[in-house]
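What's counted below: heavy atoms across the whole structure, side chains too, no hydrogens, waters or symmetry copies.
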Amino acid sequence: MTPRERVEARLLSRAARLSPTTRRRLGERPIVVEGQTLDPATQTMLQIQRLAREPLIETLDLAGGRASLRRGSLLTAGRPTPVGAVRDLRIDGATGPLPARHYRPPGDADGRPLLVFFHGGGYATGDLDTHDAPCRVLCAHAGVHVLAVDYRLAPEHPFPAGHEDTLAAWRWAVAHAGELGADPKRLAVGGDSAGGNFSATLALATARNGERAPDVQLLLYPGIDFVEERPSRQTFGKEFFLTAPLIEWFLGHYLDGVEHDPRDPRLSPIHAEDLSGLAPAIVVTAGFDPLRDEGEAYAAALAAAGVPVIQRRHASLIHGFINLLGVGTASREALVETAGTLRGLLEAPPRRGRRRAPRKAAVGA
């Protein structure tokens with residue numbers, strides 16, 4: 001960060017720690033929707049952003065949008081969590097090398113599990129640096145190696161390029177886990193938002209292709225359905241960072257000029273014909289998130305298919321909260337809790353659900 005950005009980050013952090021009395025004196029009142037109260041620190045951050053009158057991402061061109069999201073992520077990341085070691089490397093993608101970053105957990109890291117992590121950013125933004133802070137938290141508090149992957153972005157590389165890159169990256173991780181110092185027998189996939197979508201579609205694709213599939217899938221407020229707009233899209237689509245226009249901005253880039261079926265499981269895993277036999281899932285949602293309902297619907301669909309699921313809603317938080325670790329304490333606490341859940345599953349993963357037998361066609365069909 002620049003010196004100015006460091007000052008801005010410190011000021012934002014201090015503002016987010018204002019006492020309830022000071023907040024009332026400044027005219028700030030709790031925001032309550034559907035019985036959920038927005039985290040006060042997050043509310044203050046959103047108010048500061050409105051007062052600053054910085055242009056919304058969806059009003060910018062592609063370069064401007066990417067720069068805005070990157071800058072915002074760095075301002076709200078907080079102090080970096082110490083880990084054992086960090087190194088950048090390049091791994092195999094679908095069409096060429098991809099940048100990646102390996103986080104080694106503190107202490108005796110040899111033989112620890114590996115989490116392959118895909119960042120969010122609406123398929124068109126985000127990189128290794130925007131998600132450095134959450135990857136460090138997951139590494140340290142779950143006690144796992146983390147391999148963060150910088151897949152190709154849209155619109156330069158629209159659907160299904162990102163999906164293909166994440167599959168290629170997963171195959172590289174399966175083949176090289178031991179070289180990273182990780183346990184090849186305990187592998188997880190995870191990501192937030194668009195990265196959660198890629199993690200879900202990867203878990204589905206590897207299981208159906210008969211490949212080495214993840215032992216756990218970590219889905220942080222995932223985008224999971226390109227077909228149906230559930231009520232949370234309307235309720236929280238105006239003023240809680242991920243607005244309806246911003247969703248359209250992201251998807252417009254991802255699907256730019258591409259013929260596609262919105263029910264394609266590579267886009268909408270919730271519409272796959274069969275979800276049985278998939279890896280145990282941790283599905284984390286945020287109360288003030290337009291994507292909340294589809295993430296929870298996917299958790300329910302997985303459970304109905306016999307997949308072990310742990311579903312947790314952080315009712316006071318917004319979409320993108322893992323990038324707000326320097327804003328108050330609630331977002332960091334939520335991610336640390338998630339890391340603990342991941343640690344527990346990878347220490348003693350539950351058996352994946354049985355694959356359902358294919359349905360027999362009716363006579364005369």
Side-chain angles (χ1 to χ4, degrees), residues 55-73 90-101 116-131 148-170 172 189-205 219-227 229 233 237 241-271 289-291 294-295 319-320 322-323:
L56 300 175
I57 293 175
E58 59 266 30
T59 67
L60 300 172
D61 61 16
L62 182 64
R66 286 174 174 169
S68 177
L69 186 138
R70 178 183 172 86
R71 181 175 181 274
S73 296
R90 297 183 75 80
I91 67 173
D92 296 337
T95 61
L98 298 173
R101 186 169 293 166
V116 182
F117 185 88
F118 303 118
H119 65 76
Y123 311 97
T125 70
D127 55 35
L128 297 177
D129 291 335
T130 61
H131 284 67
V149 179
D150 202 7
Y151 51 84
R152 291 173 294 163
L153 297 177
E156 298 92 338
H157 305 283
F159 171 79
H163 172 76
E164 292 170 348
D165 273 351
T166 55
L167 276 175
W170 171 256
W172 187 94
V189 67
D192 69 306
S193 193
N197 174 278
F198 288 140
S199 299
T201 61
L202 184 152
L204 181 62
L219 312 180
L220 297 160
Y221 41 83
I224 223 77
D225 192 349
F226 281 63
V227 179
E229 289 195 3
R233 286 280 192 112
F241 169 64
L242 184 63
T243 62
L246 182 53
I247 292 173
E248 292 304 312
W249 190 88
F250 284 138
L251 298 187
H253 288 308
Y254 188 44
L255 302 175
D256 184 31
V258 177
E259 291 187 11
H260 66 280
D261 177 357
R263 292 182 176 272
D264 187 327
R266 297 174 298 172
L267 287 172
S268 303
I270 195 169
H271 292 289
D289 181 1
L291 303 189
E294 63 192 75
H319 189 92
I322 71 167
N323 293 109

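- Closest heavy-atom contact between Pro269 and Asn197: CD-ND2, 4.1 Å.
- Under the salt bridge (charged side-chain N to carboxylate O under 4.0 Å, His left out) criterion, Asp225 pairs with Arg230, sequence neighbours left out.
- In this view, Phe159 and Tyr254 satisfy the ring pair (Phe, Tyr, Trp, His ring centres under 6.0 Å) rule, not counting sequence neighbours.
- Every residue two or more places apart in sequence or in another chain that forms a side-chain contact (heavy atoms from CB on, under 4.5 Å) with Leu220 is listed here: Phe117, Asp192, Leu218, Val284, Ile322, Thr338.
- Remark: Glu58 pairs with no residue by the salt bridge (charged side-chain N to carboxylate O under 4.0 Å, His left out) rule, at least two apart or across chains.
- Remark: Glu229 pairs with no residue by the side chain to side chain donor-acceptor pair (under 3.5 Å) rule, at least two apart or across chains.
- With sequence neighbours left out, the salt bridge (charged side-chain N to carboxylate O under 4.0 Å, His left out) criterion links Arg90 to no other residue.
- Residues that satisfy the side chain to side chain donor-acceptor pair (under 3.5 Å) test with Arg152, not counting sequence neighbours, are Thr95, Asp165.
- Once rounded to the nearest 0.5 Å, the distance linking CG of Leu62 with NE2 of His253 reads 5.0 Å.
- Among residues at least two apart or in separate chains, side chain to side chain donor-acceptor pair (under 3.5 Å) pairs with a member in residues 261-270 are Arg263-His271, Asp264-Arg266.
- When the side chain to side chain donor-acceptor pair (under 3.5 Å) test is applied to Thr59, no partner is found at least two apart in sequence or on another chain.
- Partners of Trp172 under the side chain to side chain donor-acceptor pair (under 3.5 Å) rule, at least two apart in sequence or in another chain, are His176.
- By the side-chain contact (heavy atoms from CB on, under 4.5 Å) test, Asp256 pairs with Pro155, sequence neighbours left out.
- Take His131 and apply the ring pair (Phe, Tyr, Trp, His ring centres under 6.0 Å) test, not counting sequence neighbours, and it matches His119.
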